[in-house]
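Remarks on the structure that follows.
Owing to the predicted nature of the structure, the values given are computational and were not obtained by experimental measurement. Letters A, B, ... are given to chains in the order of the sequence lines, protein chains preceding strands, and every chain is numbered from 1.
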Protein chains: 2
Amino acid sequence: MKNKLKVLRAERDWSQADLAEKLDVSRQTVNAIETGKYDPSLPLAFKIAEVFEKTIEEIFVYEG
Amino acid sequence: MKNKLKVLRAERDWSQADLAEKLDVSRQTVNAIETGKYDPSLPLAFKIAEVFEKTIEEIFVYEG
DNA sequence: CCTGAAAGTCAAGCAAACTTTACATTTTAT
DNA sequence: ATAAAATGTAAAGTTTGCTTGACTTTCAGG
């Protein structure tokens with residue numbers, strides 16, 4: 001699974017800590033997702049889509 | 001999180017076991033998601049969207 | 001150069017997702 | 001009515017997502 005967090009975050013000039021706060025998760029979680037260590041849960045994916053005002057599909061790319 | 005699995009499955013006349021096979025998960029997992037016991041992982045949500053030819057947002061409704 | 005903010009990473013622990021096995025209940029068809 | 005198929009549910013175990021705390025590395029500004 002690829003994602004566009006880093007770009008979307010950069011566009012908004014948010015730090016990982018900023019995003020973490022908006023999502024109500026830890027900074028390490030944002031970092032782990034961004035660096036591809038693991039995928040977010042579905043609820044967290046929805047939250048991420050929400051703060052970036054995008055669909056999940058626009059942010060995350062599933063590689064079957 | 002609400003979802004439309006039961007309806008989508010009924011429309012296609014698939015059993016939970018049928019769907020589980022298509023998704024490559026256990027029948028109990030399909031049942032648990034359908035009955036709201038827990039949410040699927042993001043990868044599984046993508047697979048579900050794929051087999052139903054819908055977006056994740058069309059199938060799952062996040063309740064903030 | 002040097003400082004401070006941001007990003008990366010590791011470990012231990014808890015919670016959520018998913019597995020298998022097994023059994024009970026409900027629905028469907030004959 | 002009965003049998004088979006589908007659905008629901010439960011326990012115990014594994015894997016994945018997420019936490020806190022701590023430490024290192026990278027990068028931009030004075």
Just the rounded figure in Å: distance from [atom2] of [N] to [atom1] of [X].
| X | N | atom1 | atom2 | answer |
| --- | --- | --- | --- | --- |
| A:I33 | D:dT19 | CD1 | P | 8 Å |
| A:E34 | C:dG8 | CD | P | 6 Å |
| A:L5 | C:dG8 | CG | C1' | 15 Å |
| A:N3 | D:dG17 | CG | C1' | 15 Å |
| A:K6 | D:dT26 | NZ | C1' | 11 Å |
| A:L44 | C:dA15 | CG | C1' | 14 Å |
| B:N31 | C:dC18 | CG | C1' | 13 Å |
| B:Q16 | C:dT25 | CD | C1' | 13 Å |

message: If I compare all heavy atoms of B:I59 with all of B:A49, which pair ends up nearest, and what's the gap?
response: CD1-CA, 3.6 Å
query: Which heavy-atom pair separates A:F52 from A:R12 by the least distance, and what is that distance?
result: O-NH2, 3.2 Å
- prompt: Using a cut-off of 4.0 Å on non-hydrogen atoms, how would the nucleic acid contact of B:S41 be classed: base, sugar-phosphate, or nothing?
  reply: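 Touches sugar-phosphate only.
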- request: Would you indicate what B:S15 reaches in the nucleic acid, counting non-hydrogen atoms under 4.0 angstrom: base, sugar-phosphate, or nothing?
  value: sugar-phosphate
- request: May I ask you to list the residues of residues 17-28 of chain B, by number, that have any heavy atom positioned under 4.0 Å from an atom of DNA chain D?
  value: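 Within this stretch, B:R27, B:Q28 sit under 4.0 Å of the strand.
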field: A:K37 or A:R9, whichever maps to the more 5' nucleotide of DNA chain C
entry: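 By nearest-heavy-atom nucleotide position, the 5'-most residue is A:R9.
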query: What residues form a side-chain hydrogen bond (donor to acceptor under 3.5 Å, both in side chains) with B:S26, not counting sequence neighbours?
result: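 Result, side-chain hydrogen bond (donor to acceptor under 3.5 Å, both in side chains) vs B:S26: B:T29.
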query: Which residues pass the side-chain hydrogen bond (donor to acceptor under 3.5 Å, both in side chains) test with A:N3, sequence neighbours left out?
result: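 Partners of A:N3 by the side-chain hydrogen bond (donor to acceptor under 3.5 Å, both in side chains) criterion come out as none, since no residue qualifies.
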- prompt: Below 4.0 angstrom, N of the basic side chain to O of the carboxylate: do A:R9 and A:E34 qualify?
  reply: yes
task: Look only at the side chain of A:E21 and the backbone of A:D18, and say whether a donor-acceptor pair between them is shorter than 3.5 Å.
output: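 Not a single qualifying donor-acceptor pair exists.
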message: Can you confirm whether more than 12 heavy atoms, excluding those of A:E11, are under 6.0 Å from its CD atom?
response: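 Above 12, so yes.
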